[in-house]
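Just so you know, ligand 1 is whichever comes first in the structure, and atom 1 is the first atom listed for that ligand.
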Amino acid sequence: MKKPKENLSKQLRFPDDEARFPWLAILLDSYAIIDEGLSAAIDKEEAGRNRKLACEKGCDICCRVNKDIPIYPIELVGIYWFATEKAEQALRETLKKQLSSHTENDPCPFLVNGLCFIYGIRPISCRQFGVFNKPCDEGEDPYHTRRDDVLTPIEDYTKKAFLATLPFYGIIDEEAKINFIENNLIHAQAINLQEYDWKKLVKIMDDFDSKKK
Ligand code: SF4
Ligand code: SF4
């Protein structure tokens, strides 16, 4: 589920929470770089190859088909925070049920009623996934059916975005940062969203909810 291009410049910010959690500002800054890079990549394709991005709000086939969604530790913390503290009350119990029963072959557990529950804070891999020319068919994985239509992110932006997250991992020396990114060490930190035990998040959400009562 990719953000339509016209919304890419509208970044979510949470000033009060960013003041409480320094990692949140880091994460949102990184997402801003990713979205800026996406906008540039889409412009390049649309102008250079005269083809339109096909992704629209409500299109959720990729969220049901993709079983290989990397998430990085800072993103995981962001998801925990958002689901626990910001999740819409009306759909909260539905989300908890999905997270509790999730198995790796199910659709993404954050897909609730056809929409991404954590949209503003969805991982980089979700932000960067999109296709040109025509929307995916039911069950289609365009990586396999039409790789040329799949959006290719601009690497410089992706690297810059990952670079921006490194203080979260305690890497602040500039040379160490470059080494970490250039040698792809950042990717060794990733876990698979589909394989993660989301019951741990449900427990945190339950604890949070019981304190509010
Ligand atoms: S987090 Fe899940 S529901 Fe949200 S965009 Fe990614 S795959 Fe889709
Ligand atoms: S067109 Fe494909 S990649 Fe784009 S949002 Fe729809 S299902 Fe996802």
From S30 atom OG to Y157 atom OH, the distance as rounded to the nearest 0.5 Å: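 S30 OG to Y157 OH: 14.0 Å, rounded to 0.5 Å.
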
Distance, nearest 0.5 Å, that separates CD1 of I33 from CG of L163: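 Those atoms lie 8.0 Å apart.
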
Pair F14 and W81, ring centroids less than 6.0 Å apart: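 Yes, ring centres under 6.0 Å apart.
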
Residues E36 and Y31: side-chain donor-acceptor under 3.5 angstrom: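 No.
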
Per-atom contacts, ligand 1 versus C108 - under 4.0 Å to a heavy atom: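 This gives 1 (S), 2 (Fe), 3 (S), 7 (S) as the contact atoms.
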
Verdict with supporting geometry, I186 and Y169, side chain to side chain contact (heavy atoms under 4.5 Å, CB included): CA-CA 10 Å; I186 186 72; Y169 305 102; 3.8 Å; yes

Contact check: C126 to atom 8 (Fe) of ligand 1, N/O/S below 2.8 Å: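 C126 does not place any N, O or S atom closer than 2.8 Å to atom 8 (Fe) of ligand 1.
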
I69 and ligand 1 - part of the residue with a heavy-atom distance under 4.0 Å: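 The part of I69 near ligand 1 is the side chain, not the backbone.
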
Which atoms from ligand 2 have a heavy atom of [X] less than 4.0 Å away?
X	value
F129	3 (S)
C136	1 (S), 2 (Fe), 3 (S), 7 (S)
C59	1 (S), 5 (S), 6 (Fe), 7 (S)

Set of salt bridge (charged side-chain N to carboxylate O under 4.0 Å, His left out) partners for D17, sequence neighbours left out: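 R20, K86.
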
Metal check, atom 2 (Fe) of ligand 2 vs C55 N/O/S, cut-off below 2.8 Å: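 Here the distance criterion (N, O or S atom, under 2.8 Å) is not met by C55, so no.
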
Backbone or side-chain N/O/S of C63 under 2.8 Å of atom 4 (Fe) of ligand 1: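 Here the distance criterion (N, O or S atom, under 2.8 Å) is not met by C63, so no.
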
